[in-house]
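Presented below is the structure to which this report refers.
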Amino acid sequence: MGATKIDRARVADTALRLLNEVGLEGLTLRAIARELDVKAPALYWHFKDKQALLDEMATEMLRRMAAETAGPAPEDWRRGLADAMNALRSHLLRYRDGAKVYSGTHYTDTSYAEPMERHLRMLVDGGFTPRTAARAWFTAYSYTIGHVIEEQAMGPDPSALPDGADASAPAAPAAYDLGARATRLAGHPLAVAAGEELFTRHEPGFRAGLAAVVEGIAATLHPDGAKRGEGRP
């Protein structure tokens, strides 16, 4: 029987599938090699370490997302920016610890260039300068990445799970226990009440926060908003 043939694409695809089973902490080169039925040293021909593999995984995630969202951006920059961030969140949520894998990595090719250029062009055509367009994009992107990291870390929203689903299944951490939190915070009613907003209803919560971010960008980075704000204390 011949040796199993592997390449970078197959290793990254296998790693992304395995990620949903074991999470980022459990994702090791040894586990991936076992899944591919090869010896761990075989992977080092393609990736010098786990970080190099994470870089390729993030790049593959971007390629898949770009293929799904290809096409002209909306003329309304507010809608276009919100649509892009909603698509990013949706894609990251397909993978356990997806936001952690995606953030802080270095892309292994220039797959990011075309979608980045398209979205920045949308913002510039909407009145931003190249500098403020970049800041607007990065601000919304940072909010989205941070939200999904927190969202995935606290586990699924029990109200969003389908009937019969197990919130403590291996594919995700257990949902946040609001009852236990309320007991710990007895005597702090506002902090207790905040739990419902912070730790459940992730979808509407994300959209509300994103709307605030987009309007903040309009007020502080877009020329029209900046002019209206001149002279304020």
Side-chain angles (χ1 to χ4, degrees), residues 58 61-62 65-66 68-95 97-107 112-157 159-160 176 178 188-233:
M61 291 166 68
L62 173 67
M65 181 169 56
E68 292 179 5
T69 58
E75 292 184 6
D76 180 353
W77 70 264
R78 286 179 175 84
R79 178 188 166 194
L81 188 58
D83 285 352
M85 294 305 119
N86 278 305
L88 174 60
R89 173 180 175 268
S90 177
H91 196 81
L92 294 177
L93 287 174
R94 297 180 187 179
Y95 307 94
D97 296 327
K100 286 184 178 179
V101 171
Y102 199 77
S103 64
T105 51
H106 295 84
Y107 297 130
Y112 65 90
E114 191 283 327
M116 174 179 279
E117 184 74 15
R118 176 160 42 91
H119 289 116
L120 291 175
R121 174 56 57 191
M122 171 194 70
L123 291 168
V124 170
D125 289 348
F128 291 85
T129 66
R131 183 186 66 80
T132 56
R135 178 53 52 191
W137 178 262
F138 190 66
T139 299
Y141 171 87
S142 298
Y143 164 74
T144 303
I145 292 290
H147 190 284
V148 179
I149 287 176
E150 292 293 333
E151 185 175 348
Q152 292 184 314
M154 71 181 70
D157 177 356
S159 65
Y176 206 94
L178 290 181
H188 304 278
L190 291 177
V192 170
E196 188 72 22
E197 180 65 26
L198 299 177
F199 303 121
T200 68
R201 303 187 314 112
H202 300 315
E203 176 84 19
F206 171 77
R207 290 179 181 274
L210 180 60
V213 169
V214 171
E215 287 309 308
I217 288 170
T220 60
L221 293 176
H222 193 276
D224 290 345
K227 288 178 182 177
R228 286 195 297 270
E230 289 179 358
R232 291 180 182 174

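Residues: numbered from 1 along the sequence shown. Computation of the quantities below employed the complete heavy-atom set of this structure, encompassing side-chain atoms and omitting hydrogens, waters and symmetry-equivalent molecules. Owing to the predicted nature of the structure, the values given are computational and were not obtained by experimental measurement.
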Run Arg78 and Glu215 through side-chain contact (heavy atoms from CB on, under 4.5 Å) and show every step you take.
CA-CA 8 Å; Arg78 286 179 175 84; Glu215 287 309 308; 3.2 Å; yes

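- Across all non-hydrogen atoms, the minimal contact from Leu178 to Gly195 is CD2-O, 3.7 Å.
- Rounded to the nearest 0.5 Å, atoms CE (Met154) and CD1 (Ile149) are 11.5 Å apart.
- Between Leu92 and Ile145 there is a side-chain heavy-atom pair separated by less than 4.5 Å.
- Atom CE of Met116 sits about 7.0 Å away from atom OH of Tyr107, to the nearest 0.5 Å.
- Between Asp83 and Pro74 there is a side-chain heavy-atom pair separated by less than 4.5 Å.
- Looking at every heavy atom in both residues, Val101 comes nearest to Met61 through CG1-SD, 4.1 Å.
- For residues 130-146, the set of pairs meeting the side-chain hydrogen bond (donor to acceptor under 3.5 Å, both in side chains) definition, not counting sequence neighbours, comprises Thr129-Thr132.
- Note that the CG atom of Leu81 and the CZ atom of Arg79 stand 13.0 Å from one another [nearest 0.5 Å].
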Set out, in order, the CA-CA distance, both residues' side-chain angles and the distance that settles side-chain contact (heavy atoms from CB on, under 4.5 Å) for Thr69 and Leu88, then state yes or no.
CA-CA 10 Å; Thr69 58; Leu88 174 60; over 6 Å; no

Let's go through Asp125 and Trp77 carefully: what are the C-alpha distance in whole Å and the side-chain angles of both, what is the deciding distance for side-chain contact (heavy atoms from CB on, under 4.5 Å) to 0.1 Å, and is it a yes or a no?
CA-CA 8 Å; Asp125 289 348; Trp77 70 264; over 6 Å; no

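- Considering only residues two or more places apart in sequence or on other chains, Glu197 meets the side chain to side chain contact (heavy atoms under 4.5 Å, CB included) condition with Arg201.
- For Arg121, the CZ atom sits in a loose shell: 12 or fewer heavy atoms of surrounding residues, nucleotides or ligands are nearer than 6.0 Å.
- With Gln152 contributing its side chain and His147 its backbone, the two residues share no donor-acceptor pair below 3.5 Å.
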Evaluate side-chain contact (heavy atoms from CB on, under 4.5 Å) for His119 paired with Leu123, printing each intermediate quantity in order.
CA-CA 6 Å; His119 289 116; Leu123 291 168; 5.7 Å; no

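- The number of heavy-atom neighbours closer than 6.0 Å to CD of Glu196, taken from other residues, nucleotides and ligands shown, is 12 or below.
- Counting all heavy atoms, side chain and backbone alike, Ala133 lies closest to Val124 at CB-CG2, 4.0 Å.
- For the salt bridge (Lys or Arg N to Asp or Glu O under 4.0 Å) test, residues two or more places apart in sequence or in another chain that qualify with Arg89 are Glu151, Glu203.
- Using a 30° and 60° split on the angle between ring planes, His222 and Phe128 fall in the perpendicular class, above 60°.
- One finds the CD atom of Glu150 at 13.5 Å from the CZ atom of Phe206 (value rounded to the nearest 0.5 Å).
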